[in-house]
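Counting starts at 1 for both ligands and their atoms, following the listed order.
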Amino acid sequence: MENLSFIRPADRIASFKPYFFAQLTQKIADLKAKKVDVIRIDIGSPDLPPADFIIDTLVKSARRSDTHSYTPNGGTPAARKAVATYYKNRFNVDLEPMKETLILLGSKEGLFNLSQVLINPGDVALVPDPGYPVYSASGIIAGAEIYSLPLLAKNQYLPDLDAIPPEFVRRAKILWLNYPNNPTGAIAPMEFLAKAVEFGRKHHIVVAHDAPYVDVCFDGYEAPSIMQVPGAKDVTIEFNSLSKAYNMAGWRLGMAVGNPLVISYLSTFKSQVDTSTFAPIIEAGITALTGDQGWLMERNLIYQRRRDIVIEGLHAAGFTVETPPAAIYVWAKLPDGNTDSMAFCSRLLQETGVSTTPGLVYGACGEGYVRISLGTATGRIEEAMERIVNWTKVKA
Ligand SMILES: Cc1ncc(COP(=O)(O)O)c(C=O)c1O
């Protein structure tokens, strides 16, 4: 065979490992092949379907002969108008559809692409730790230096913006925020969001607020949009998604809204990278965003019930845990004597068949924690918690 050593990855991806869940899925497939009954409470993928009227729109649209061509870059004008309508109805925020909104193939690509359009090598990205891994991964690929912002229980999992050293503030291009938060389930008060906008304006840093859980709230809480902060559009872009809000994770539909310049950079970049998405998906997304929102409350009650089952089980198993007011995660400190989250979750999976996510996946400050997702059938969550409680009793 010819020497193929010249086929090497580019430097920018050479040290990259596969995304955690890509590796975990393989491990779980191996266990299932050995007939282990694995319960997945790791990945944040809703198990419930969207409302029927959304699926009906998809089916009807797919049956038409005029919906199978390419769709406009950045989404159809109707889809961008629907995003603006949703922001007006939900947050009383006014957006210019063609300038201040953009349709994404799920929000993950938008987050990744934001780093590509704003970061030059050597720039700094301010990234929450723990945090959704794409913020730092996309920055590293763009050549950024990552400055981690610890999210600590004692600060209600909000970053201390005043503690960032001036030399990092000076070089920073993006401040990443995410509330309701993955993985901690924490929320941000309006005053904090206003402070972040002010920080961005003062230091000439784009504030990127990632808000895919804004419509998954419990106990009557309603999460705000950062776009409600007066003047937010001057420096802010918000990512949102139909994945969790409308149980449409596999459909790959999300949106960016906010600063028109940032939207235009993303739009230009995306026009070279993708060719938008399937019209029936867009049309069903419009129905989701502008149709009856009543079913979301019932769906959130199902998550809330699951959350309470998880909290009760974790307390019984010796974890330290607070009750999250939003998002689909419970973030728990490992029982005393356990500090290595990777080893803990790996043992738990091998010995009980329950798959959870080690806190370390979300950054160094996540070490010592585990994340549990509520996107699994209630009965299976109950069973997972029973297995965890019994397992920790045996270990004690
Ligand atoms: C904080 C956060 N942002 C973004 C995403 C990506 O969502 P999607 O690409 O499905 O819109 C996720 C998915 O889990 C997430 O947790």
Side-chain angles (χ1 to χ4, degrees), residues 19-22 24-25 40-50 75 79 83 86 101-115 125 127-139 149 151 157-159 174-188 207-217 223 225-226 237-258 266 270 273-274 276-277 281-282 284-285 288-289 303 324 326-331 356-357 359 361-363 366 369 371-376:
Y19 199 58
F20 172 78
F21 290 107
L24 182 66
T25 301
R40 293 197 69 166
I41 48 174
D42 51 74
I43 198 161
S45 187
D47 59 313
L48 298 164
V83 170
Y86 161 83
T101 82
L102 192 67
I103 300 296
L104 306 171
L105 314 178
S107 60
K108 187 175 180 182
E109 66 94 343
L111 302 171
F112 184 88
N113 288 336
L114 184 73
S115 292
V127 176
D129 175 1
Y132 187 57
V134 177
Y135 313 141
S136 52
S138 62
L149 306 175
L151 302 189
Y157 298 106
L158 298 170
I174 307 178
L175 165 65
W176 289 102
L177 298 173
N178 160 224
Y179 294 97
N181 183 258
N182 174 14
T184 65
I187 55 174
V207 179
H209 186 232
D210 183 21
Y213 302 100
V214 76
D215 285 317
V216 187
C217 299
S225 158
I226 199 169
I237 179 153
E238 181 161 82
F239 292 91
N240 203 329
S241 168
L242 280 75
S243 292
K244 324 286 165 147
Y246 297 98
N247 298 348
M248 291 165 70
W251 297 47
R252 312 312 301 132
L253 202 53
M255 60 270 205
V257 306
L266 271 177
K270 276 171 61 58
V273 175
D274 68 68
S276 196
T277 196
I281 289 183
I282 294 184
L289 288 168
Y303 282 139
I328 56 169
Y329 308 107
V330 174
W331 182 241
T356 53
T357 310
V361 167
Y362 302 97
Y369 285 80
R371 191 196 77 170
I372 288 180
S373 162
L374 306 175
T376 296

With sequence neighbours excluded, tell me which residues meet ring-ring contact (aromatic ring centres under 6.0 Å, His included) with Y362. none

To which protein heavy atom is atom 10 (O) of ligand 1 closest, and what is the distance rounded to 0.1 Å? S243 OG, 2.6 Å

Pairs of nitrogen or oxygen atoms closer than 3.5 Å, one from N178 and one from ligand 1: do any exist? no

For atom 7 (O) of ligand 1, which protein heavy atom lies nearest, and how many Å away is it? S107 OG, 3.3 Å

Under a heavy-atom criterion of less than 4.0 Å, does I43 contact ligand 1? no

Over all atoms of both residues, closest heavy-atom pair of T184 and N181: OG1-OD1, 2.6 Å

Using 30° and 60° as the class limits, which term best fits the ring planes of Y86 and Y246: parallel, tilted or perpendicular? perpendicular

May I ask you to check whether Y132 has an N/O atom sitting below 3.5 Å from an N/O atom of ligand 1? no

Using a strict 4.0 Å cut-off to heavy atoms of K244, name the atoms of ligand 1 that fall inside it. 13 (C), 14 (O)

What I'd like to find out is whether the side chain of T356 reaches to under 4.5 Å of the side chain of R40, using heavy atoms alone. no

Strictly under 6.0 Å, is that where the ring centroids of Y179 and Y157 end up? no

Among all residues two or more places apart in sequence or in another chain, which pass the side-chain hydrogen bond (donor to acceptor under 3.5 Å, both in side chains) test with T376? none

Any idea which protein heavy atom is nearest atom 2 (C) of ligand 1, and the distance to it? D210 OD2, 3.3 Å

Part of L111 with heavy atoms under 4.0 Å of ligand 1, whether side chain, backbone, both or neither: side chain

Atom indices of ligand 1 within 4.0 angstrom of G106 heavy atoms, with elements: 9 (O), 11 (O)

Just to check, does F239 reach to within less than 4.0 Å of ligand 1 when the distance is taken from its heavy atoms? no

How far is atom 9 (O) of ligand 1 from its nearest protein heavy atom, and which residue and atom is that? R252 NH2, 2.7 Å

For S241, take its heavy atoms, then give the atoms of ligand 1 lying under 4.0 Å from any of them. 8 (P), 11 (O)

Below 4.0 Å from ligand 1: does a non-hydrogen atom of G254 turn up there or not? no

Has Y135 got any heavy atom lying under 4.0 angstrom from an atom of ligand 1? yes

Consider only side-chain N and O atoms of Y135 and D210, and report whether a donor and an acceptor are under 3.5 Å apart. yes

Salt-bridge test for E109 and K270: reply yes if a basic N is under 4.0 Å from a carboxylate O, no otherwise. yes

State, to 0.1 Å, how close L374 and D47 come at their nearest heavy-atom pair, and which atoms those are. O-OD1, 4.5 Å

